[in-house]
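Below is one structure, written out as structure tokens, with a few remarks after it.
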Amino acid sequence: MTIKCIAIEDEPPALKQIRDYIEKVPFLSLEQTFYNAIEPISYLKDHEVDLIFLDIEMEDFTGIQFIKTLKNPPLVILTTAYDSYAIEAFDLEVTDYLLKPISFDRFLQAVEKVYTMMAGNRSNGEPTGPGYAKDYIFLKTEYKIQRVNLKDILYIEGQREYLQVHTTTEKIMTLQSFKHMAALLPEYFVRVHNSYMVSLDKIDSIERQRIRIGEVLIPISTTYRNMFYELLKQRNML
């Protein structure tokens with residue numbers, strides 16, 4: 001899924017920062033930028049946009065005034081140096097409210113919220129775009145969000161507060177929980193141990209309560225054993 005966005009910001013350094021952040025996120029596509037909130041009004045009449053990054057304090061026409069002119073506004077993330085607009089932003093039902101200076105971590109948190117909302121809408125019956133067929137996920141690594149094809153994932157290993165995703169070509173460290181990971185993945189990824197989740201499609205053999213994937217042996221714990229074998233039966237794998 002690609003999220004089409006525009007950025008409206010009257011300060012060149014701030015606009016450059018938003019542009020740089022957007023370029024680091026694979027599922028964001030920056031369609032256009034504006035230095036005022038008047039030009040985008042006509043632009044939005046002819047172009048489909050999913051998300052607007054919108055500064056509030058602008059001369060002549062503020063971001064708040066701009067939102068109020070839109071009959072069916074896209075999702076909006078406000079960017080401002082002032083926290084005094086928080087209540088008004090809440091009333092306008094904006095998606096998020098970023099205070100300048102904006103860190104990349106905080107930016108990622110905001111756009112991940114947008115991605116989750118849009119993915120949820122599509123799964124509830126709205127048309128899906130090309131690529132949104134549960135054949136890949138995005139994982140947040142240290143400095144970027146990385147696309148990972150599901151067919152490449154062998155197994156996932158818990159390492160304290162991190163998860164290490166083992167793929168056919170690399171190992172990817174991501175700061176999230178198994179619970180959150182399970183929500184991202186289709187049902188053929190199964191928890192078999194407090195520290196392991198496996199792809200059923202990648203299992204080479206099961207021997208003495210251990211799963212072999214390539215040269216790696218992964219234990220099946222008592223907690224997950226019955227559920228694991230029941231799932232194998234349901235999928236006609238036993």
Side-chain angles (χ1 to χ4, degrees), residues 1-132 137-138 140 143-147:
M1 179 175 67
T2 299
I3 298 174
K4 295 181 180 180
C5 55
I6 62 173
I8 306 171
E9 169 63 67
D10 64 350
E11 297 179 2
L15 185 58
K16 182 181 184 303
Q17 182 186 56
I18 292 294
R19 184 188 294 112
D20 290 346
Y21 283 177
I22 290 172
E23 288 176 354
K24 292 180 180 180
V25 182
F27 59 77
L28 294 181
S29 173
L30 182 60
E31 304 296 303
Q32 190 60 270
T33 60
F34 301 92
Y35 285 107
N36 62 67
I38 298 175
E39 292 178 13
I41 294 175
S42 59
Y43 177 87
L44 290 173
K45 293 182 186 300
D46 301 317
H47 299 82
E48 253 187 56
V49 171
D50 302 309
L51 172 64
I52 301 175
F53 293 94
L54 178 63
D55 186 24
I56 295 179
E57 288 285 343
M58 290 182 283
E59 289 186 12
D60 300 326
F61 200 59
T62 69
I64 298 295
Q65 290 172 319
F66 168 75
I67 295 175
K68 290 178 178 178
T69 67
L70 304 179
K71 290 184 179 180
N72 297 298
L75 299 176
V76 175
I77 294 176
L78 291 178
T79 61
T80 179
Y82 307 95
D83 59 7
S84 55
Y85 293 98
I87 294 176
E88 193 165 6
F90 178 79
D91 290 339
L92 292 169
E93 298 182 347
V94 301
T95 305
D96 214 330
Y97 185 95
L98 301 181
L99 282 175
K100 301 174 183 176
I102 302 167
S103 70
F104 186 52
D105 283 352
R106 182 65 183 87
F107 178 86
L108 285 180
Q109 182 182 343
V111 297
E112 282 185 329
K113 184 189 299 184
V114 171
Y115 186 91
T116 300
M117 290 172 66
M118 291 185 61
N121 287 339
R122 282 158 171 75
S123 66
N124 287 332
E126 295 184 8
T128 59
Y132 184 77
I137 59 173
F138 288 101
K140 184 168 68 173
Y143 297 112
K144 63 180 179 180
I145 294 180
Q146 181 171 342
R147 172 173 167 154

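Residue pairs meeting the salt bridge (charged side-chain N to carboxylate O under 4.0 Å, His left out) criterion with at least one partner in residues 19-34, sequence neighbours excluded, are Lys16-Asp20.
Closest approach of Lys113 to Thr95, counting heavy atoms only: NZ-O, 3.3 Å. Nearest heavy-atom pair across Leu51 and Pro74 is N-CB, 4.0 Å. Taking every heavy atom of both residues into account, Ile3 and Tyr115 meet most closely at CD1-CA, 3.9 Å. When all heavy atoms are compared, the tightest approach of Asp55 to Met58 is O-CE, 3.2 Å.
Atom CG of residue Leu99 and atom CG of residue Leu78 lie 10.0 Å apart, to the nearest 0.5 angstrom.
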Q: Let me see the working for Ile18 and Ile102 under side-chain contact (heavy atoms from CB on, under 4.5 Å), right down to the final yes or no.
A: CA-CA 9 Å; Ile18 292 294; Ile102 302 167; 4.2 Å; yes
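Contacts of Asp10 classified as side chain to side chain donor-acceptor pair (under 3.5 Å), with partners at least two apart in sequence or in another chain: none. Scored by the side chain to side chain donor-acceptor pair (under 3.5 Å) test, Lys4 finds no partners at all (sequence neighbours excluded). By the ring-ring contact (aromatic ring centres under 6.0 Å, His included) test, Phe104 pairs with Tyr21, sequence neighbours left out. Annotation: side chain to side chain donor-acceptor pair (under 3.5 Å) contacts of Glu112 (sequence neighbours excluded): none. Evaluation of the side chain to side chain contact (heavy atoms under 4.5 Å, CB included) rule for Ala14 yields Glu9, Glu11, Lys100 as partners, not counting sequence neighbours.
Using a 4.5 Å cut-off on side-chain heavy atoms (C-beta onward), Phe107 and Ile77 make no contact.
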Please list every donor-acceptor pair under 3.5 Å in which a side-chain atom of residues 33-46 meets a protein atom from a residue at least two apart or in another chain.
from: Asn36; atom 1: OD1; to: Ile38; atom 2: N; distance (Å): 2.9
from: Asn36; atom 1: OD1; to: Glu39; atom 2: N; distance (Å): 3.0
from: Asn36; atom 1: ND2; to: Glu39; atom 2: OE2; distance (Å): 3.4
from: Ser42; atom 1: OG; to: Glu39; atom 2: O; distance (Å): 3.1

